Amino acid sequence: MAQEQQQPNELLQIRRQKMEALREKGIEPYGNKFEAEYYSLEINEEFDRLEGKEVTVAGRLISIRSHGKASFAHLQDYRGQIQIYLRQDQLGPEKYEILDLFDIGDFIGVRGEVFRTRKGEITVEVIDFTYLAKALRPLPEKWHGLKDIELRYRQRYVDLIVNQEVKETFIKRSRMISTMRELLNEWGFLEVETPIMQTVAGGALARPFVTHHNALDIKLYLRIATELHLKRLLVGGLDKVYEIGRIFRNEGISTIHNPEFTSVEIYQNYADYEDMMRITENLIYQIAVKVLGSGKLVFQGKELDLTPPWPRESMIESVRKYSGVDFSALADDQAAFEAARKAGLELDKGLSWGDILYMFFEEFCEEQLLTPVFITGFPVEVSPLAKKMESDPRLAIRFEAFIAGWEIANAFTELNDPIDQRERFEQQISKREAGDDEAHVMDEDFIHALEYGMPPAGGLGIGIDRMVMLLTDNISIRDVILFPTLKPKLLSD
RNA sequence: GGGCCAUUAGCUCAGUCGGUAGAGCACCUGACUUUUAAUCAGGGUGUCCCAGGUUCGAGCCCUGGAUGGCUCACCA
């Protein structure tokens, strides 16, 4: 009994036996290069031209219907599926016998003649076939596919084989990112790469991952933003730069947070946040048009129109609209505190007018912001890298773009006064000393850079994963990241 | 971290009151030369997530744990 339990699963054993039987017949189950002239989709689309002609095509067997001395099967490749027809008369008895060793999941390459069956399906009648790879594990069932969410994430390769809409999502993701690059390059931006491992992790309010460099014997942090290095490049005279890349934050996991995610940050010298608004709405709109074919999309059953220009609303207006509290009429921290108490918000003491305004916004407004909108006028306290408004120094020249209740983009007119920047860092440090381990750390080299003079500039960051979620109608970030972060778990047969 | 839910065959899922573990697909044996959820005849392939406990007896009840999902908290 104990011995029997150590045997591999019967299904796996049978496939291994078939693999050995192939070798006994002199057929290598793991073949070499195969020249497939067509994708399955092309044979279907170009049938009029290809009918009666010989073609080669390769793919994975996803169904087999044997009728004795003739069989039908479907091959799936990167671009669709095509039926193949195998006949003993055509192949000869010896070759046809090999069909007994076919399994769903195997990769084969075929050469054959294109025709249409009685029932009208475009099909390749196989003249010869080559084994490319034997599948030793069975695929999930053809109707229900793979639904188990955990298996889908842990074994994304299987998910991609059997769930075509998953494959589509990731192809779209790739096209969205390449379209973004094309647009930015076209607009004169220079793509750059800055350090992922940093001795100081700044540019955002977040906890970093820590690692260690052995030879230097120093702590290194994985970046939590690309901001501070990109702005150093503005000092260096690179007028328009961007970086698309992975960001790492050592924080909780949720349907909208993965520990590693992808952002784009874009900076332009001599510009301001109004320029960044135009870039934001045009980037996202044009990506939608080019990849999805329309600037209007349906997200979770609701229609969203991404056509620029997007409306603007100040945070104070938004808070007034959704909570009824008018912060422009609240003179000081004490008045704001009272308003929060009346609204039932639980607050720590010592919070400022700006902190409380921001709490109101998060509490009452964010999830209401479904159609695209730029929220402007963020409190300076939560915007330590943005320039202050001249008209109201409690507010920063900053906006966030919201769609479907999610923050999609964050941008500001960059703070380029090194004295002010140092003060902002110092405020952050006192927050950190008070126990906020997500506050910014001092970055002396960044201040040093600003002291050489950074021109006025606009800067913008877009969360690419959330943008892809929005554009592909997915409500979990794990559905737009090929291999989302999961706790490790041993595979078992 | 808290709450709720889930975990049974390769996959998708049933499993009643605590009494020998079920279905469809996949798979295996056989028939079948234009099928397509092919069809027909036959076959159940299992660490019921793990470890304890209660019980004459546990997939089911209890305790603890694991993983995942949702949610709250947290979080640019």
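Quantities reported herein were computed from a predicted structural model and do not represent experimental measurements.
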Roughly, in whole Å, what's the span from [atom1] in [X] to [atom2] in [N]?
{"X": "A:Ile149", "N": "B:C11", "atom1": "CD1", "atom2": "C1'", "answer": "15 Å"}
{"X": "A:Phe115", "N": "B:U35", "atom1": "CZ", "atom2": "C1'", "answer": "10 Å"}
{"X": "A:Gln83", "N": "B:U35", "atom1": "CD", "atom2": "C1'", "answer": "7 Å"}
{"X": "A:Phe72", "N": "B:A37", "atom1": "CZ", "atom2": "C1'", "answer": "16 Å"}
{"X": "A:Ile14", "N": "B:G10", "atom1": "CD1", "atom2": "C1'", "answer": "11 Å"}
{"X": "A:His440", "N": "B:C75", "atom1": "NE2", "atom2": "P", "answer": "14 Å"}
{"X": "A:Ile62", "N": "B:A26", "atom1": "CD1", "atom2": "C1'", "answer": "14 Å"}
{"X": "A:Tyr153", "N": "B:G69", "atom1": "OH", "atom2": "C1'", "answer": "9 Å"}

Can you tell me the Watson-Crick or wobble partner of [N], both distances under 3.5 angstrom?
{"N": "B:G1", "answer": "B:C72"}
{"N": "B:U54", "answer": "none"}
{"N": "B:U7", "answer": "B:A66"}

Of all residues at least two apart in sequence or in a different chain, which pass the ring pair (Phe, Tyr, Trp, His ring centres under 6.0 Å) check with A:Phe337?
->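 Partners of A:Phe337 under the ring pair (Phe, Tyr, Trp, His ring centres under 6.0 Å) test: none.
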Where is the tightest heavy-atom contact between A:Leu11 and A:Pro138, given as atom of each residue plus distance?
->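 So the two residues come closest at CD1-CG, 4.2 Å.
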Minimum heavy-atom distance between A:Asp100 and A:Lys18, given as atom pair plus value =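 Of all heavy-atom pairs spanning A:Asp100 and A:Lys18, the closest is O-CE, 3.8 Å.
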So [X], base contact, sugar-phosphate only, or nothing? Heavy-atom distance under 4.0 Å.
{"X": "A:Leu139", "answer": "nothing"}
{"X": "A:Gly145", "answer": "sugar-phosphate"}
{"X": "A:Glu438", "answer": "sugar-phosphate"}
{"X": "A:Arg15", "answer": "nothing"}
{"X": "A:Phe412", "answer": "base"}
{"X": "A:Asp89", "answer": "base"}

What's the closest nucleotide to the [X] side chain, out of [options]?
{"X": "A:Leu151", "options": "B:C11, B:U35, B:G68", "value": "B:C11"}
{"X": "A:Lys147", "options": "B:C27, B:U33, B:U12", "value": "B:U12"}
{"X": "A:Ile104", "options": "B:C27, B:U36, B:U12", "value": "B:C27"}
{"X": "A:His257", "options": "B:U67, B:C75, B:U33", "value": "B:C75"}
{"X": "A:Ala70", "options": "B:U34, B:U33, B:C70", "value": "B:U33"}

Check the phosphate of [N] against [X], side-chain N and O only, distance under 4.0 Å to OP1 or OP2. Yes or no?
{"X": "A:Lys18", "N": "B:C28", "value": "yes"}
{"X": "A:Lys487", "N": "B:U67", "value": "yes"}
{"X": "A:Arg478", "N": "B:C70", "value": "yes"}
{"X": "A:Lys119", "N": "B:U36", "value": "yes"}
{"X": "A:Arg154", "N": "B:G68", "value": "yes"}

Residue among A:Phe364, A:Phe360, A:Tyr358 satisfying ring-ring contact (aromatic ring centres under 6.0 Å, His included) with A:Phe327 |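 Single ring-ring contact (aromatic ring centres under 6.0 Å, His included) partner of A:Phe327 among A:Phe364, A:Phe360, A:Tyr358: A:Phe360.
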Scoring nucleotides 38-43 of chain B by protein non-hydrogen atoms under 4.0 Å (B base, S sugar-phosphate only, - none) yields B-----
Just checking, A:Lys95 and A:Phe129: is the charged tip under 6.0 Å from the six-membered ring centre and within 45° of the axis?
->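 Checked: cation-pi criterion met.
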Give a yes/no verdict on a cation-pi contact between A:Arg312 and A:Phe399, requiring under 6.0 Å between NZ or CZ and the six-membered ring centre and an angle within 45° of the axis.
->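 Judged by the rule, A:Arg312 and A:Phe399 form no cation-pi pair.
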Quote, to the nearest angstrom, the [atom1] distance that separates [N] from [M].
{"N": "B:C74", "M": "B:C11", "atom1": "C1'", "value": "37 Å"}
{"N": "B:G44", "M": "B:G10", "atom1": "C1'", "value": "13 Å"}
{"N": "B:C56", "M": "B:A66", "atom1": "P", "value": "32 Å"}
{"N": "B:U39", "M": "B:U34", "atom1": "C1'", "value": "14 Å"}
{"N": "B:C75", "M": "B:C17", "atom1": "C1'", "value": "48 Å"}
{"N": "B:U16", "M": "B:U55", "atom1": "P", "value": "23 Å"}
{"N": "B:U29", "M": "B:G19", "atom1": "C1'", "value": "35 Å"}
{"N": "B:U12", "M": "B:C50", "atom1": "C1'", "value": "24 Å"}

Please name the residue in the list A:Val158, A:Leu160, A:Ile161 that meets the side-chain contact (heavy atoms from CB on, under 4.5 Å) test with A:Leu146.
->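 The single option meeting the side-chain contact (heavy atoms from CB on, under 4.5 Å) with A:Leu146 is A:Val158.
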In residues 356-384 of chain A, what residues come within less than 4.0 Å of RNA chain B, judged by heavy atoms?
->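 Within residues 356-384 of chain A, no residue comes under 4.0 Å of RNA chain B.
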Ring centroid separation A:Phe299 to A:Trp406 under 6.0 Å |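 Yes, they do, as the ring centres are separated by less than 6.0 Å.
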Do the ring centers of A:Phe374 and A:Tyr273 come within less than 6.0 Å of each other?
->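 No; A:Tyr273 has its ring centre 6.0 Å or more from that of A:Phe374.
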Quick one: does A:Glu121 reach the base of B:U34 with a side-chain donor-acceptor pair under 3.5 Å?
->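 Result: no qualifying N/O pair found.
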Could a donor-acceptor pair under 3.5 angstrom be found where the side chain of A:Gln88 meets the base of B:U33?
->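 Result: no qualifying N/O pair found.
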Which sits closer to the 5' end of RNA chain B, A:Ile475 or A:Arg398, going by the nucleotide each is nearest to?
->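 First, find each residue's nearest nucleotide; the 5'-ward one identifies A:Ile475.
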Any Lys/Arg nitrogen of A:Asp443 or A:Arg232 sitting under 4.0 Å from an Asp/Glu carboxylate oxygen of the other?
->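 Result for this pair is yes, salt bridge flagged.
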For A:Ile256, does its backbone N or O pair with a side-chain atom of A:Arg466 as donor and acceptor, under 3.5 Å?
->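 Yes; at least one donor-acceptor contact below 3.5 Å.
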Is the side chain of A:Asp436 donor-acceptor paired with the backbone N or O of A:Glu438 at a distance under 3.5 Å, no angle test?
->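 Present.
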Going by atom types only, do A:Lys431 and A:Gln428 share a side-chain donor-acceptor pair under 3.5 Å?
->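 Not at all, the side chains of A:Lys431 and A:Gln428 share no donor-acceptor pair under 3.5 Å.
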